[in-house]
Amino acid sequence: MRVRGGQEAAQDKETSLDSDEERGRRGLRQTTLLDYMAGPAKPKKPEPPPTLHREREPESKYQNTLPETTGKEPASMSLRRNQPSSKHEEYNSESGDVRGLTLEPSPQSELSDDDVILELVREPWVESVRGYLLDVRYDGSLGKAVLMLYDPSSGSLVKWADRTGHKPYFLTDARPEDLRAAGVDVSHDESFLQYDLVEKFHPIDRKLVKLTKIVVSDPLAVRRLREKVSSAGFSVWEADIKYHHNYIFDRQLIPGILYEVGGVRIVHTLPLEMDDATRIVDEIFREEPREVRERAREWLRIFEAPPPKLPLIAFDIEVYSPIATRLPDPSTAPYPVISAATADSSGRSRVVLLYRDGVEFTEGALPEGTEVEIYDSERAMLLDLVRILQRYPLVVSFNGDNFDLPYIARRLEVLGVPREFAPIELKQDYATFRRSLHIDLHKLFGIRALQVYAFGNKYRELSLESISRALLGKGKVELKAPVSELNLNKLIEYNLQDARLTLELLTFSNNLVFNLIIMVMRTSKLGIEDITRSQISNWIRGLMYWEHRRRRWLIPSRGEIEKLSSAGARVGAIIKDKKYRGAIVLDPPVGIFFRVLVLDFASLYPSLIKQWNLSYETVNNPNCRDTIEVPEVGHRVCREFKGISNEIVGMLRDFRVRLYKKKSKDKSLREEERLWYDVVQSAMKVYINASYGVFGSEKFSLYSLPVAESVTALGRAVLRGTLEKSRELNLHIVYGDTDSLFIWDPPKDVLNDLVDYVERTYGLELELDKVFRAILFSGLKKNYLGITEEGDIVIKGMVAKKSNTPEFIKDEFSKAVKILSKLEKPEDVEAILAELRDHINTVYNNVKKKVYTLDQFAIKVMLSKNPREYDKNTPQHVKAAMLLQRLGLTLSRGDIVYYVKTRDKLGVKPVQLARLSDVDPGKYVEHVKTAFEQMLMAFGISWDDISGVRKLDRLLFDS
DNA sequence: ACAGGTCTATTGTAAC
DNA sequence: GTTACAATAGACCTGT
């Protein structure tokens with residue numbers, strides 16, 4: 001039998017690390033392996049039925065090891081806990097007895113306080129393990145990098161402290177004697193370890209350079225010494241890379257895959273080359289050089305490795321608050337946590353409650369299969385909660401970084417638990433557990449690239465409610481009273497629902513989101529806690545840095561890349577508020593067109609990056625002789641060597657287009673495999689779509705304006721060239737935007753000519769995207785309505801489709817669209833127009849008569865900043881927000897304000913304060929007008945031309 | 001002083 | 001990341 005999770009090793013390690021004090025305590029009662037493993041983390045083991053579940057009791061000896069509480073609670077009560085879940089039926093029938101029961105001491109004790117403490121402070125160190133690498137941390141007290149691995153054989157997370165002797169360092173062009181001569185002899189620094197002479201390839205200078213590696217014992221010393229060295233006029237490199245990242249890059253680790261760690265070796269266990277893998281890769285990359293094909297084979301093994309399945313637990317806490325609308329401040333944690341719910345991936349759910357005078361159970365049933373416990377002592381409750389959470393390798397929260405974790409941590413301090421017994425680590429911008437990993441879904445779903453490319457902009461607000469509504473089709477439990485005033489049944493129901501939603505957001509659709517995270521970790525080479533908290537530019541940075549290290553390339557400094565930027569021809573006129581020129585949007589016609597085909601360039605920008613060898617070191621590099629000029633902007637792209645960005649982007653693009661898009665739809669594969677491949681291709685899509693954007697963003701460490709500028713310039717050239725060719729071929733292009741062309745009723749063979757031309761001339765793939773049976777153009781850019789051959793309706797950019805358009809307009813507009821969808825041939829136009837006219841007349845009258853509800857009149861607009869930060873002017877939604885704030889409601893950045901337009905002087909009112917009689921119909925007529933006009937314009941008529949409307953308007957105005 | 005007009009800037013949302 | 005649109009705020013001008 002296998003050693004379980006290296007637990008034996010863990011014991012050894014503990015002995016060596018423990019202080020005398022801790023050893024002594026363990027002497028009291030040795031925690032058995034079983035105690036530790038008995039947690040719910042073992043997915044296979046069936047859970048005991050709730051009635052058999054018995055919590056360990058009592059906690060009277062707690063005081064021996066933990067300091068006295070601040071005296072807020074009477075000792076006799078604070079240290080005792082009631083009989084748990086098994087009794088909750090009794091509470092139901094005799095709620096009046098809750099108090100009596102809570103004071104009843106339990107007859108049995110299974111776990112002493114020492115065990116509780118031990119479990120809280122113990123760290124699962126191992127010397128060897130076979131497990132999935134999930135993250136790397138830096139442990140300050142050890143002064144070492146620590147691998148966090150999930151061991152599937154024990155179902156738990158283990159830690160492995162570095163034994164490879166890796167140390168923090170940075171690079172400089174100064175030799176040790178130069179530093180001495182310049183009076184910055186860093187070797188006297190207390191953290192200094194040694195100088196190493198290293199040779200690296202400089203990607204811009206295109207030659208090997210000899211550098212001094214200043215090795216230190218402490219990552220903080222890097223920052224300190226870097227300042228010294230650079231202020232003496234020397235160049236420094238790679239000094240701003242976080243140490244735990246440096247460790248991953250240097251050891252060439254791939255988070256998210258299975259490793260065997262032991263001794264000083266960290267070896268991945270990727271599946272050996274599958275027979276057909278070589279064949280597939282050779283086929284896809286047959287035109288690439290040998291090294292690229294070899295790289296591709298390694299990538300393939302990473303993508304093909306199945307994702308880990310690990311036990312997850314989601315949790316959420318509810319805190320008492322005297323002011324219903326305000327959450328207590330986690331930095332002071334002044335009020336008690338009254339409830340905490342957990343839901344795990346094996347289907348188990350628990351709620352722990354704090355006993356409060358006068359707050360009782362009601363008749364209603366409790367959620368099925370849920371273990372409920374009431375505590376007299378908040379401290380015991382929180383410690384138990386943390387203990388349970390820490391048994392899982394991965395804890396999930398919604399906003400845990402900014403609320404739940406800091407609150408619990410601070411609250412435990414307030415309750416007299418010393419910091420070292422509360423295994424929560426509050427980092428600079430996030431919070432986690434000492435022994436578990438933590439994902440905050442609020443941060444994860446706030447990553448814009450995911451929002452847009454992975455979730456198709458389905459949710460707008462970053463709240464648990466709106467995200468789960470959009471992705472799971474269900475929301476939070478609706479409350480009629482503030483959390484602090486709920487009876488216990490409702491509190492349990494509400495709290496638990498939040499925990500369950502949180503869990504489900506990660507696990508729905510066969511672990512879609514979790515698997516996506518794993519895939520992104522593997523690609524970016526960053527740990528799970530980094531990936532889930534950083535924007536895509538950091539993901540790409542991880543991948544690029546890792547790749548630089550693999551090639552033994554020096555990672556250039558911002559300044560070095562910046563220099564190439566100014567070396568460029570730079571002819572483009574400076575555009576106001578913009579850094580560079582973007583894409584072309586063709587002027588659309590006004591009218592209705594039948595049989596319009598849409599062609600688009602498959603991943604235009606990434607393809608251009610690949611085809612044109614665009615990378616920070618290939619554009620405007622003076623160390624390259626053989627260059628080719630980018631039209632319009634005049635940047636010169638190197639042809640002598642292959643760039644790093646385009647190689648990576650090109651590889652991901654090819655994998656996606658040629659392999660994984662197909663695999664995700666391959667019916668011969670098992671459902672689970674297909675879903676995985678869909679995740680793989682989605683992750684690649686996120687990457688390649690962002691690959692162009694990051695070069696134009698200062699936040700990206702390899703920021704290169706010439707690259708971004710060249711991409712868009714080439715995009716324009718390609719679109720223009722294709723347009724010209726279309727004219728030659730007598731194709732009628734009606735519209736186009738960035739990478740698409742709308743062609744009116746083309747002969748089929750001519751279309752093929754165009755596709756061939758694009759392939760030949762630009763090496764790009766032009767694909768048929770859609771065929772519209774009919775399409776309406778309003779004459780506005782990015783604004784059309786089409787009906788495809790299959791009868792699907794495609795609406796782009798129209799006012800009626802925008803999220804800030806009142807609901808009734810959307811409803812009425814979609815009725816109009818239904819009428820329109822009958823449109824098949826030109827002869828239908830007249831009849832349909834007549835029908836539309838009727839409908840619009842009705843709508844007009846309905847608005848004037850206000851037949852809609854207040855909610856339907858609501859305009860929903862997001863606050864892009866906190867209300868007080870609007871200093872230039874005060875938009876309507878901000879005015880409405882301020883009215884709400886006067887009532888004590890706090891509104892902040894990211895919140896959506898619902899308001900109606902009113903007749904009073906201010907002109908707006910939040911829906912919460914408005915009545916239907918406040919609504920100004922005249923202002924809504926204007927709104928309706930713009931919405932429908934975008935449809936009517938295609939028919940060649942304007943709003944005023946709709947007969948009757950004008951008459952009615954006058955009539956109503958006159959009266 | 002102020003109503004009503006023009007013009008520009010700000011803001012939010014969407015397409016790509 | 002840029003391009004594009006709608007709605008509106010606020011500055012400025014003009015006529016009374």
Side-chain angles (χ1 to χ4, degrees), chain A residues 448-449 451-453 456-457 460-461 535-537 540 572 574-588 598 600-606 609 685 688-700 703-705 707-713 715-716 719 735-742 769 778-786 794-806 809-810 859-865 867 869-881 893-897 899 901 906-908 923-924 926-931 933-934 937:
Chain A
R448 263 190 304 284
Q451 228 175 109
V452 178
Y453 297 119
N457 258 330
R460 202 150 63 107
E461 231 173 341
Q535 291 296 330
I536 189 148
S537 61
I540 295 179
I574 287 122
I575 312 141
K576 191 164 178 294
D577 292 334
K578 300 278 185 255
K579 288 175 287 185
Y580 58 97
R581 188 172 295 284
I584 296 176
V585 185
L586 301 182
D587 238 327
V598 183
D600 66 6
F601 295 91
S603 320
L604 177 64
Y605 287 176
I609 289 177
K685 180 181 163 193
I688 58 182
N689 278 331
S691 61
Y692 138 75
V694 293
F695 282 112
S697 158
E698 286 103 329
K699 281 178 218 143
F700 185 49
Y703 168 66
S704 169
L705 259 182
V707 170
E709 205 170 28
S710 299
V711 171
T712 55
R716 293 192 295 273
L719 196 74
Y735 177 60
D737 183 350
T738 312
D739 61 351
S740 66
L741 289 172
F742 290 58
D769 179 35
S778 58
L780 297 168
K781 291 175 172 181
K782 299 183 188 288
N783 194 292
Y784 56 86
L785 193 162
V794 178
I795 304 173
K796 295 287 181 187
M798 297 203 152
V799 160
K801 210 196 153 187
K802 294 197 169 183
S803 57
N804 55 356
T805 297
I809 297 180
K810 289 188 190 177
I859 295 167
K860 292 161 269 185
V861 182
M862 189 168 67
L863 288 165
S864 69
K865 41 190 174 185
E869 291 165 40
Y870 288 86
D871 42 12
K872 299 224 167 61
N873 49 29
T874 316
Q876 298 192 323
H877 66 297
V878 180
K879 285 179 182 157
R893 209 181 115 103
D895 290 339
I896 290 178
V897 183
Y899 69 90
K901 295 184 181 177
L906 192 64
V908 289
K923 288 176 180 159
Y924 282 90
E926 285 303 307
H927 220 133
V928 170
K929 182 180 156 183
T930 39
E933 238 173 10
Q934 295 187 340
M937 274 152 89

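Throughout, a chain's letter reflects where its sequence line sits, starting with A, and its residues are numbered from 1. Just so you know, these numbers use all the heavy atoms, side chains as well, and skip hydrogens, waters and symmetry mates. Keep in mind it's a predicted model, so treat the numbers as computed, not measured.
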Distance from A:Ser697 atom OG to A:Leu705 atom CG, nearest 0.5 Å? 10.0 Å
Can you tell me how far P of B:dA15 sits from CG of A:Leu604, to the nearest Å? 19 Å
With respect to the phosphate group of B:dC16, does any side-chain polar atom (N or O) of A:Tyr453 fall under 4.0 Å of OP1 or OP2? no
Give the first and the last nucleotide of DNA chain C, reading 5' to 3', that has any atom under 4.0 Å from a heavy atom of chain A. C:dG1 to C:dG10
Greater than 12 external heavy atoms within 6.0 Å of A:Lys865's NZ: yes
Do A:Arg893 and A:Ser864 have side-chain atoms, one donor and one acceptor, less than 3.5 Å apart? no
Rounded to whole Å, how long is the line connecting atom CD of A:Glu869 with atom P of B:dT10? 16 Å
Spatial distance of atom CG (A:Asp871) from atom OG1 (A:Thr874) [nearest 0.5 Å]: 9.5 Å
Got a sec, which residues hit ring pair (Phe, Tyr, Trp, His ring centres under 6.0 Å) with A:Tyr924, two or more places apart in sequence or on another chain? A:Phe857
When the aromatic ring centroids of A:Tyr703 and A:Phe695 are compared, is their separation below 6.0 Å? no
Between A:Phe601 and the options A:Asp769, A:Thr738, A:Leu719, the side-chain contact (heavy atoms from CB on, under 4.5 Å) test singles out A:Leu719
So CD of A:Gln451 and CZ of A:Arg460: to nearest 0.5 Å the spacing works out to 11.0 Å
Without decimals, in angstroms, what is the distance between A:Asn457 CG and B:dG12 C1'? 13 Å
Using a 4.0 Å heavy-atom cut-off, does A:Tyr605 contact any base of the nucleic acid, only the sugar-phosphate backbone, or nothing at all? nothing
Do any of residues 872-880 of chain A sit with a heavy atom less than 4.0 Å from DNA chain C, and if so which? A:Lys872, A:Asn873, A:Thr874, A:Gln876, A:Lys879
Between A:Leu586 and A:Gly693, which residue's closest nucleotide on DNA chain C lies nearer the 5′ terminus? A:Gly693
Could you go through A:Lys781 and A:Asp737, starting from their C-alpha distance and side-chain angles, then the distance that decides it, and tell me whether this counts as salt bridge (Lys or Arg N to Asp or Glu O under 4.0 Å)? CA-CA 8 Å; A:Lys781 291 175 172 181; A:Asp737 183 350; over 6 Å; no
Take the protein atom CG of A:Leu741 and the nucleotide atom P of B:dC16, then report the distance between them rounded to whole Å. 12 Å
Pairs under 3.5 Å (N/O, protein and nucleotides 4-7 of chain B):
none

Distance check, rounded to the nearest 0.5 Å: A:Arg581 atom CZ versus A:Glu709 atom CD? 9.5 Å
What is the nucleic acid contact for A:Arg448, judged by heavy atoms within less than 4.0 Å: base, sugar-phosphate only, or nothing? nothing
Just checking A:Met798: base, sugar-phosphate only, or nothing, at a heavy-atom cut-off of under 4.0 Å? nothing
Classify the nucleic acid contact of A:Tyr870 as base, sugar-phosphate or nothing, counting any heavy atom under 4.0 Å across all strands shown. sugar-phosphate
In this structure, how many angstroms lie between the C1' atom of B:dC16 and the NZ atom of A:Lys801, rounded? 12 Å
Not counting sequence neighbours, which residues clear ring pair (Phe, Tyr, Trp, His ring centres under 6.0 Å) with A:Tyr899? List them please. none
Rounded to whole Å, the NZ-P distance (A:Lys782 to B:dA15) equals 9 Å
When we call it a touch if two heavy atoms are under 4.0 Å apart, what does A:Ala583 touch: a base, just sugar-phosphate, or nothing? sugar-phosphate
Could you list the residues that satisfy ring pair (Phe, Tyr, Trp, His ring centres under 6.0 Å) with A:Tyr692, not counting sequence neighbours? A:Tyr605
Let's see if you can work this out: which of B:dT11, B:dG12, B:dA15 has an atom nearest to the side-chain heavy atoms of A:Lys865? B:dT11
Have a look at A:Lys796 and say if it touches a base, only the backbone sugar-phosphate, or nothing, with a 4.0 Å heavy-atom cut-off. sugar-phosphate
